[in-house]
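Data first, discussion second: the structure below is written as structure tokens.
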Amino acid sequence: MRRRLLSSTLVVAVIAVLLLGVPLGIVVSRLIVDEAAAELQGEANRLVQEVGYAQIQDAPIDPEQIEQNYPDRYIQIYTTGNPPKALIIGTEVSSDQAMWEDAKSDDGIYVRVTRDRGEVEADVRARLLLIVALAAAALAVAVGLAIVQSRRLTLPLQDLAKIAERLGSGDARPSKHRYGIAELDRVAEVLDRSASRISDLLTREREFATDASHQLRTPLTGLTMRLEEIVAASDQPVIVREEGEAAIVQAERLTAVIDELLAAARRQRHAQAEPMSVDEILIQQITEWEPAFRRAGRGLLLEGSRGLRALATEGGFGQVVATLLENSLRHGGGVVTVTTNLSDNYVVIEVADQGSGIPDELAPKVFERNVSGGGGTGLGLTLARALAAADGGRLELIRRKPAVFALFLRPANERNRVVTGPA
């Protein structure tokens, strides 16, 4: 591209110089020749007047003085009289190089002034050389400007090409380069916006993969515990049957979680919040987690009001409760108590343990992504709060030491409309 810019600029400059320089050279040549002829004509007219004045004064004509006044001239003077006179001054010029002008008076005085045409032609050549030099200088300036302009255009284009190539290779960082050229700056802005969008998409994809792995881990943990119970009670068919049925339920929950993840990947929720039994979900979760608490030598209790119904999705509600129970098992201590009650506007499910609680410096950030106080992934509470909000509820830390988390869900009654979204 740079070569094309240079060649096109040079062609335009050459055409411009030719269109201006050639007529200028012709005009200058004619002006110099015309000026030389006018000068000769003026000299001839003056000589006629000088000779006529000398005749009136009966003074002789001084050839040396005339030659001194008109150097490098071949002068011929003819006067009438009795007898007629002719006066030749200077060196004769060859006819092929002669340039002359005549003048005569009414009383018969005739003067011819001749000069060497080579002097005029030398002056013409000097002026033409000056014009050629100026034209060459103009071309050099044009080439210099073309080089500067081509660099100003091609370097940003090369930079934009590198940015686009980097963007295509997955490096979606906005360059924020600007070049002072409106069109190129608009292209750079579009590339930066595209880079930001791609970066957001990549971030969401990574977060989705991380969230998916974390959400799948909880039901897989429950399923693993059931299978361990089956192995441990292999000689007790009744227990094996009960644990096998529980494992099937856990596998169904795992399928539901996968369905919800696929729905989230398509940016939609297939399941809307609907009235459901709080006791049913809580008993299911306690049944699944009770063996793990028992092996850890800890208790798991369900207290509070029974028979409550709330608006939620089965997968989301169960996942939130499972996350709270898992956190209590891993980071808490003592007996874990799940308490339910009905307030004026919400069904409240509290999960409390008897451990040391959450440090003061960690408590304000406990729901932030990648924040963990015990070597965890830092995703569980973040996802749990997002799932609660998606069902129209909210998840809060209502006490730090010992830790108490509360899940607020909308109560199910005839006046509630089945909708989704944050409370």
Side-chain angles (χ1 to χ4, degrees), residues 200 203-222 224-225 257 261 264 281-282 285-286 288-290 292-293 295-304 312 315-341 343 346-409 422-423:
D200 292 341
T203 301
R204 285 199 294 268
E205 291 297 331
R206 295 189 188 102
E207 291 179 353
F208 172 76
T210 305
D211 295 350
S213 63
H214 189 277
Q215 291 191 51
L216 291 174
R217 185 172 59 83
T218 300
L220 283 174
T221 301
T224 302
M225 291 188 299
V257 170
L261 290 173
I281 301 298
L282 294 179
Q285 291 297 324
I286 290 175
E288 292 176 2
W289 285 94
E290 192 274 335
F293 278 88
R295 284 194 299 270
R298 298 172 58 187
L300 180 58
L301 302 177
L302 176 62
E303 297 180 351
F317 184 15
Q319 184 72 22
V320 173
V321 175
T323 299
L324 296 178
L325 292 177
E326 183 181 12
N327 277 357
S328 296
L329 178 63
R330 296 184 60 185
H331 307 300
V335 177
V336 176
T337 304
V338 180
T339 306
T340 60
N341 60 77
S343 67
Y346 292 99
V347 173
V348 183
I349 300 95
E350 296 181 4
V351 178
D353 60 49
Q354 299 172 344
S356 60
I358 299 175
D360 293 339
E361 65 276 7
L362 183 62
K365 302 182 294 183
V366 72
F367 289 106
E368 294 182 9
R369 194 176 188 87
N370 299 324
V371 174
S372 175
T377 61
L379 296 174
L381 291 177
T382 303
L383 293 175
R385 171 171 272 193
L387 290 171
D391 285 343
R394 70 177 192 274
L395 178 63
E396 302 289 346
L397 174 65
I398 61 175
R399 191 173 67 197
R400 298 181 181 180
K401 297 181 180 180
V404 178
F405 288 90
L407 172 62
F408 297 85
L409 295 176

List the atom of [X], the atom of [Y], and the distance in Å for their closest heavy-atom pair.
X: Val320; Y: Ala384; result: CG2-O, 3.4 Å
X: Pro402; Y: Gly355; result: CB-O, 3.4 Å
X: Val335; Y: Gln354; result: N-OE1, 3.4 Å

Q: Go through the steps to decide whether Val338 and Glu350 satisfy the test side-chain contact (heavy atoms from CB on, under 4.5 Å), and finish with yes or no.
A: CA-CA 6 Å; Val338 180; Glu350 296 181 4; over 6 Å; no
Would you indicate whether the side-chain heavy atoms of [Y] and [X] approach each other to under 4.5 Å?
X: Leu409; Y: Phe317; answer: yes
X: Ile349; Y: Phe405; answer: no
X: Val336; Y: Val351; answer: yes
X: Leu397; Y: Val404; answer: no
X: Ile358; Y: Lys401; answer: no
X: Tyr346; Y: Arg394; answer: yes

**Q.** Contacts of Arg385 that satisfy salt bridge (Lys or Arg N to Asp or Glu O under 4.0 Å) - sequence neighbours left out
**A.**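 Arg385 satisfies salt bridge (Lys or Arg N to Asp or Glu O under 4.0 Å) with Glu396 once adjacent residues are dropped.
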Q) Got a sec, which residues hit side-chain contact (heavy atoms from CB on, under 4.5 Å) with Asn327, two or more places apart in sequence or on another chain? A)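 In terms of side-chain contact (heavy atoms from CB on, under 4.5 Å), with neighbours along the sequence ignored, Asn327 is linked to Thr323, His331, Leu381.
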Nearest-0.5 Å distance that lies between atom [atom1] in [X] and atom [atom2] in [Y]:
X: Leu325; Y: Leu282; atom1: CG; atom2: CG; value: 8.5 Å
X: Gln285; Y: Leu324; atom1: CD; atom2: CG; value: 10.0 Å
X: Phe367; Y: Leu383; atom1: CZ; atom2: CG; value: 12.0 Å

Q. Quick one: side chain to side chain donor-acceptor pair (under 3.5 Å) partners of Thr340, sequence neighbours excluded?
A.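 Thr340 satisfies side chain to side chain donor-acceptor pair (under 3.5 Å) with Arg306 only.
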Q: Using the salt bridge (charged side-chain N to carboxylate O under 4.0 Å, His left out) rule, collect all pairs that involve residues 352-364, keeping only residues at least two apart or in two chains.
A: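 Output for this query lists Asp360-Arg400.
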Pairs of donor and acceptor atoms involving the side chains of residues 295-303, under 3.5 Å and at least two apart or interchain, shall be tabulated with distances.
{"residue": "Arg295", "atom": "NH1", "partner": "Glu229", "partner atom": "OE2", "Å": "3.0"}
{"residue": "Arg298", "atom": "NE", "partner": "Gly334", "partner atom": "O", "Å": "2.8"}
{"residue": "Arg298", "atom": "NH1", "partner": "Ser328", "partner atom": "O", "Å": "3.0"}
{"residue": "Arg298", "atom": "NH1", "partner": "Leu329", "partner atom": "O", "Å": "3.1"}
{"residue": "Arg298", "atom": "NH2", "partner": "Ser328", "partner atom": "O", "Å": "3.1"}
{"residue": "Arg298", "atom": "NH2", "partner": "Gly334", "partner atom": "O", "Å": "3.2"}

Q) Who pairs with Phe293 by ring pair (Phe, Tyr, Trp, His ring centres under 6.0 Å), at least two apart in sequence or on another chain? A)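 Residues passing ring pair (Phe, Tyr, Trp, His ring centres under 6.0 Å) with Phe293: none at all.
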